[in-house]
Amino acid sequence: MALFSQIFTALLLLLQLELHLVGGSEAAAPQTLGCSASAGVPGTPGHNGLPGRDGRDGKDGATGPKGEKGEPGPSVQGPPGKAGPVGRPGPAGLVGSAGPRGPQGPKGVPGSPGSVPNDLIKSLQSEVQALKARLTAAEKILSFHTFRTVGQKLFMVNKMDATFDKGQKLCSDAGWTLAVPRTEAENKALSEMIIQLGASHAYIGATDREKEGQFVDVHKAPLTFTKWRKGEPNNDKKSEHCAGMYTSGEWNDFNCDTETKIICETESA
């Protein structure tokens, strides 16, 4: 840039000197008369000079009119702003539904042995025994399949055959007693139950084991009602000491070791 400036300055100086010489010669030359000479042929143009230095910036012009609104730029989410202050807690929400059950926790440490009064233990043991007895009786009752109510009595019969003594125990285990009719209605009901079983006879709760010919019930009370078949009881072969009933409703004395149907009774509630 400094070299260019020096060259430009030198050219200006040469141009000024040439102009000065031309001007001086025209002033010193004498005026002559006659016709003026014709202009010569123009020479060839010289080479373009070097470009000049950049000029200074001009003053700002007047503000132009407002341009049209441009197309919206691409949607780009800017960086998040600073976190604002924490607001006040909102109201409590509704209670959600119960979640799934969690896994079972570890087994806890065994506690110290407690103390139970002996009276309470005995009472509980007594209640347990009573419940067992009632359960056993209920199971025995469920083994019977035919029931009949006559007045204040409830009769039940089992399909199994048993001796007199086994039949009496079967009834007592259920909390009942071997049946013995006290009225004609009860006697008829028992005969009909024997028919339903498809049997020919069944034991009733009467025996003369203690005194031959004097039949008493299982509680050793005298009988207040009887319906012996004609010629009975006869203690055939001196071995018949337990009473039984035929389907006709008539009574007979049987060998107590004979196995036949059993009918039990109890007072209905």
Go through the steps for Phe215 and His241 under the test side chain to side chain contact (heavy atoms under 4.5 Å, CB included), then give the verdict. CA-CA 8 Å; Phe215 280 82; His241 303 289; 5.8 Å; no

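- Put simply, CG on Asn158 and CG on Leu197 are 8.5 Å apart, with the number rounded to the nearest 0.5 Å.
- Judged by distance alone, the side chains of Trp228 and Asp253 never bring a donor and an acceptor atom under 3.5 Å apart.
- For Asn235 (side chain) and Glu240 (main-chain N/O), a donor-acceptor pair under 3.5 Å exists by modelled atom type.
- Closest of all the heavy-atom pairs between Thr163 and Cys256 is CB-O, 3.6 Å.
- Hydrophobic cluster membership differs between Ile262 and Ile195, with clusters built from Ile, Leu, Val, Met, Phe, Trp and Tyr side chains linked at under 4.5 angstrom.
- Lys220 NZ to Asp217 CG: the interatomic distance, rounded to the nearest 0.5 Å, is 11.0 Å.
- Side-chain contact between Lys227 and Met245: absent, with no pair of heavy atoms (C-beta onward) separated by less than 4.5 Å.
- Using a 4.5 Å cut-off on side-chain heavy atoms (C-beta onward), Thr177 and His219 make contact.
- Each of Val180 and Val216 belongs to its own hydrophobic cluster when Ile, Leu, Val, Met, Phe, Trp and Tyr are linked at side-chain heavy-atom distances under 4.5 angstrom.
- Annotation: side chain of Trp176 is in contact with side chain of Leu154 (closest heavy-atom distance under 4.5 Å).
- Between Lys153 and Glu267 there is no salt bridge, since no side-chain nitrogen of the basic residue lies less than 4.0 Å from a carboxylate oxygen of the acidic one.
- For the pair Phe164 and Asp257, the minimum side-chain heavy-atom distance is 4.5 Å or more.
- Scanning for ring pair (Phe, Tyr, Trp, His ring centres under 6.0 Å) contacts around Phe254 gives His201, Tyr246, with sequence neighbours left out.
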If you apply the rule salt bridge (Lys or Arg N to Asp or Glu O under 4.0 Å), what do you find for Asp161 with Lys166, and how did you get there? CA-CA 9 Å; Asp161 293 337; Lys166 288 183 178 178; over 6 Å; no

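- Side-chain atoms of Thr247 do not come within 3.5 Å of backbone N or O of Ser191 as any donor-acceptor pair.
- Here the straight-line distance linking atom CZ of Arg209 with atom OG1 of Thr207 works out to 5.0 Å at 0.5 Å rounding.
- With salt bridges taken as basic N to acidic carboxylate O contacts below 4.0 Å, one links Glu192 and Arg148.
- Tyr203 has its side chain out of reach of Gln168: every pair of non-hydrogen atoms, C-beta onward, lies at least 4.5 Å apart.
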Check against side chain to side chain contact (heavy atoms under 4.5 Å, CB included), Phe155 and Thr149: CA-CA 6 Å; Phe155 299 102; Thr149 301; over 6 Å; no

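- Across Lys261 and Ala199, no two heavy atoms sit closer than the pair CG-CB, 3.6 Å.
- With contacts defined as side-chain heavy-atom distances shorter than 4.5 Å, the pair Cys171/Met156 does not qualify.
- Residues Ile263 and Ile194 have side chains in contact (heavy-atom distance under 4.5 Å, counting atoms from C-beta outward).
- Without hydrogens or angle criteria, Thr226 side chain to Leu223 main chain gives no donor-acceptor distance under 3.5 Å.
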Pair Glu212-Lys238, salt bridge (Lys or Arg N to Asp or Glu O under 4.0 Å): steps then yes or no: CA-CA 9 Å; Glu212 176 60 32; Lys238 298 188 182 300; over 6 Å; no

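- In terms of modelled atom types and a separation under 3.5 Å, the side chain of Asp165 and the main chain of Lys169 share no donor-acceptor contact.
- A side-chain donor-acceptor contact under 3.5 Å links Thr183 to the backbone of Glu186.
- The distance from atom CZ of Arg182 to atom OG1 of Thr224, rounded to the nearest 0.5 Å, is 5.5 Å.
- A donor-acceptor pair under 3.5 Å links the side-chain atoms of Asn187 to the main chain of Gly249, judged by distance alone.
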